[in-house]
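Read through the structure below, which is laid out as structure tokens, and then see the notes.
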Amino acid sequence: MAAHYRFPYLRILALTQSAYKMKGSLCFKNNLVFPKHQICRFCSSSDTETRPWQLMSGVCVERYPVISQTHNSIEEEFKEMCNMVEFESSVLSDHEIQVRKDRDRMKKRKEGELEEEAGDDGEVMTALDLEDIALEKLKQFQAAPRETSADQENDTKSINRKLADKLVLLVKEKIGDKTLWILPQGYRDTGESMREAAERVLNACTIENRMKVKFVGNAPVGVYKYKYPEDIQHKIGAQGAKIFFFKAKLMQGDFMQRPDVGISEYKWVTREELDSHLIKGYSDTIKSFILPVSL
Amino acid sequence: MRLDLRAFLSQASFFPPQVCFVPYIHSRGIFTGVGGLAFRASQSLQAEPPKKKKKTDPKQEQLRQHRYLKRLKKLQYKMGKAELKPVEEMRVDRALLDEARKRDLPEIPPEEQERRALLLKRWSKFKFAQHVTETRLIEGAIKAQEKALNELRTESEELYQQAIKTDNSLFPLEGVGPTHTPAIDGFDKKVIDGVCDVTDNTDEFL
């Protein structure tokens with residue numbers, strides 16, 4: 001490190017390059033890399049603690065949107081303009097030409113110019129008639145409403161609420177002496193990978209075969225660390241817990257709570273509603289990997 | 001070595017291979033043996049020995065190549081630029097280019113044109129802002145994952161290696177996209193029972 005370099009920037013480059021090779025002795029802060037043997041006031045003094053961290057897996061089950069988002073004002077305006085432009089630059093379709101022909105023929109028949117063609121019953125289905133029949137049939141079709149009954153009652157346990165948004169599963173559990181809303185989590189057993197732990201945690205919460213999810217990848221999407229208070233640290237022998245979150249997409253079914261598990265309540269909430277349920281640090285961590293539907 | 005009568009005969013008797021017939025040798029008296037040892041000559045044996053390679057000056061060779069390429073390029077230039085092949089989907093139907101099909105619409109007034117131009121500008125600003133937000137969100141998600149992986153690595157190398165393995169069960173991934181209205185409860189059952197009519201009548205109207 002004390003080598004003589006002709007250009008000072010090369011020295012810095014060498015420093016960072018060699019520092020990068022040293023595993024476990026790096027300190028990342030504000031996108032800069034500092035090797036730990038240098039004065040590093042930014043690092044937490046984690047070298048003094050010898051207690052390990054407990055590993056937990058958390059599961060973020062998402063119900064993806066069922067219906068499309070409503071347009072905002074500019075989107076509506078633009079959509080109308082696009083339709084107008086498309087109409088103006090289009091040519092007549094076969095149906096429109098037929099309508100015109102039928103109209104001309106009707107006019108001619110009224111004026112008595114057109115002779116009755118042989119074999120003509122007089123009542124031929126015109127294009128306009130076909131159009132009317134089609135419109136009638138469309139009116140008979142009743143589409144399901146975009147706002148469901150769950151929306152009107154504001155039933156947060158229902159999966160049919162807020163069909164245009166993404167819903168995330170939250171459970172209420174007792175942590176220490178407090179009951180908090182969290183994503184389902186559990187400790188990792190020995191011999192399990194983190195993803196296997198996540199799958200086990202989710203299966204433990206819900207009744208079998210009621211909910212079908214698809215886990216997205218083997219890698220965790222986020223991490224949340226929390227330190228235990230001193231007395232608990234002494235009791236358990238661990239410094240705290242690191243929760244690694246895994247994402248899962250809800251494919252089918254609904255969450256059916258198992259009565260014997262330590263979950264007192266559950267909810268399906270949108271991303272905007274997360275803040276009102278979770279503690280600040282936890283909420284910020286989770287929001288970074290739950291992307292909103294409307295930007 | 002194969003006895004290929006046809007080919008041999010074509011060479012020996014001036015007949016092309018197609019024309020040649022396989023004769024009854026003894027009665028016709030056509031000579032098929034080469035030499036008295038009943039040596040059977042096949043096509044490959046009758047092939048010409050390879051020609052002797054002439055020593056070419058590399059510079060001469062290069063010059064020759066250069067001149068050849070130049071001649072080709074000149075020819076290409078004379079022929080003009082290569083015509084692009086028409087892409088099937090981009091062809092407009094001949095019937096639609098008919099004059100009778102043109103719409104008779106009034107001219108768009110300048111106020112409307114102005115409105116449209118301004119709307120386009122607002123729209124591009126709006127879309128760009130959306131793009132920026134989206135990029136930021138995605139970058140945030142990537143950072144969160146990297147942070148999680150770093151933490152996992154500091155805990156245990158083995159768990160980290162398990163985490164970065166590719167998940168082969170992920171694909172094929174199926175998803176039913178968002179529709180304008182949700183699925184009607186019990187519609188499938190109605191269709192099966194014959195209560196709802198879902199026959200496709202669009203061909204009648206087209």
Side-chain angles (χ1 to χ4, degrees), chain A residues 23-24 28 52-53 55 64-69 74-75 77-78 81 84-85 87-88 90-95 97 130-131 133-134 137 142-146 148 160 163-164 188 193-195 214-223 225 242 244-245 249 251 285 287-292 295, chain B residues 95-98 100-103 105 108 112 115-116 119-120 122-123 126 129-131 133-134 137-138 140-141 143-145 147-156 158-159 162-167 169-170 173-185 187 197 201-202 204-206:
Chain A
K23 257 197 278 184
F28 297 90
W53 290 85
L55 299 177
Y64 275 36
V66 177
I67 58 173
S68 52
Q69 294 263 310
I74 189 168
E75 282 173 332
E77 241 187 288
F78 188 72
M81 191 196 84
M84 275 202 282
V85 168
F87 178 72
E88 282 155 18
S90 68
V91 292
L92 295 170
S93 67
D94 289 337
H95 173 79
I97 285 184
L130 286 173
E131 207 178 302
I133 291 171
K137 219 170 173 196
Q142 287 294 330
R146 281 166 66 91
T148 57
N160 293 319
L163 292 174
R188 169 197 164 253
S193 76
M194 296 311 293
R195 174 170 157 170
K214 184 138 190 179
F215 274 84
V216 185
N218 285 326
V221 281
V223 68
K225 296 202 289 196
K242 283 189 188 177
F244 292 95
F245 298 105
K249 181 181 165 177
M251 305 298 277
T285 314
K287 278 173 126 176
S288 64
F289 57 76
I290 297 176
L291 304 179
L295 299 165
Chain B
L96 295 175
L97 296 168
D98 200 9
R101 289 226 181 211
K102 287 227 167 121
R103 282 191 199 276
L105 296 166
I108 306 165
E112 177 62 19
R115 183 194 77 96
R116 285 184 188 181
L119 177 59
L120 274 170
R122 276 194 292 141
W123 176 253
F126 167 73
Q130 264 194 351
H131 170 73
T133 329
E134 193 174 32
L137 284 167
I138 291 170
K143 260 193 214 152
Q145 184 166 57
K147 187 175 162 199
L149 284 170
N150 285 333
E151 287 281 342
L152 190 61
R153 197 161 207 188
T154 54
E155 282 299 312
S156 149
E158 189 200 333
L159 287 175
Q162 282 179 322
I164 59 172
K165 271 200 197 133
T166 42
D167 182 13
S169 64
L170 183 60
L173 182 63
E174 278 179 15
V176 181
T179 48
H180 186 66
T181 52
I184 299 170
D185 222 359
F187 188 79
D197 177 26
N201 289 335
T202 45
E204 284 177 29
F205 302 119
L206 285 175

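Scope of the values below: all heavy atoms of this structure, side chains included, with no hydrogens, waters or symmetry mates. Letters A, B, ... mirror the listed sequences (proteins, then strands); counts begin at 1.
Across all non-hydrogen atoms, the minimal contact from B:P182 to A:P145 is CG-O, 3.4 Å. The minimum heavy-atom distance between A:G217 and B:D167, with the atom names listed, is N-OD2, 3.6 Å. Between A:K214 and B:S169, the closest heavy-atom pair is NZ-O, 3.3 Å. Scanning all heavy atoms of the two residues, the minimum distance from B:R116 to A:V85 falls at NH1-CG2, 3.5 Å. Pairing each heavy atom of A:P220 with each of B:L149, the nearest pair is CD-CD2, 3.9 Å. Of all heavy-atom pairs spanning B:L159 and A:S193, the tightest one is CD2-CA, 3.9 Å.
Rounded to the nearest 0.5 Å, atoms OG1 (A:T148) and CG (B:D185) are 11.0 Å apart. We find the NZ-CZ distance between B:K165 and A:R195 to be 12.0 Å, quoted to the nearest 0.5 Å. Interatomic distance, B:F126 CZ to A:E75 CD, rounded to the nearest 0.5 Å: 4.0 Å.
For A:K225, the part lying under 4.5 angstrom from a heavy atom of chain B is the side chain only. Both the backbone and the side chain of A:S90 come within contact range of chain B, with heavy atoms under 4.5 Å apart. For chain A, the nearby part of B:A100 is the backbone; its heavy atoms alone come within less than 4.5 Å. Only the backbone of B:A183 comes within contact range of chain A, with heavy atoms under 4.5 Å apart. Looking at B:L105, only its side chain comes within 4.5 Å of chain A, counting heavy atoms on both sides. Heavy atoms closer than 4.5 Å to chain B are found in the backbone of A:Q142, but not in its side chain. If you measure heavy-atom distances from A:P52 to chain B, you find no contacts under 4.5 Å at all. Only the side chain of A:I97 comes within contact range of chain B, with at least one heavy atom under 4.5 Å from a heavy atom of that chain. With a 4.5 Å cut-off on non-hydrogen atoms, A:F87 touches chain B through its backbone and its side chain both. Heavy atoms of A:F78 lying under 4.5 Å from chain B belong to its backbone as well as its side chain. For A:I290, no part lies near chain B; criterion is any non-hydrogen pair under 4.5 Å.
Put simply, of A:K242, A:K287, A:M194, the one with the most heavy-atom pairs under 4.5 Å next to chain B is A:K242. In terms of heavy-atom pairs under 4.5 angstrom with chain A, the leader among B:T133, B:L152, B:I164 is B:L152. Interface remark: of the candidates B:T181, B:I184, B:T179, B:T179 forms the most heavy-atom pairs closer than 4.5 Å to chain A. Your options are B:E155, B:K102, B:R115, and the one with the most heavy-atom pairs under 4.5 Å with chain A is B:E155.
Legend: residues meeting side-chain contact (heavy atoms from CB on, under 4.5 Å) with B:K147, ordered by chain and number and at least two apart, are A:V223.
Using a distance-only test at 3.5 Å, with no hydrogens or angles considered, a donor-acceptor pair links the side chain of A:R146 to the main chain of B:H180. Of the possible polar contacts, one joining the B:R101 side chain to the A:L92 backbone as a donor-acceptor pair under 3.5 Å is found.
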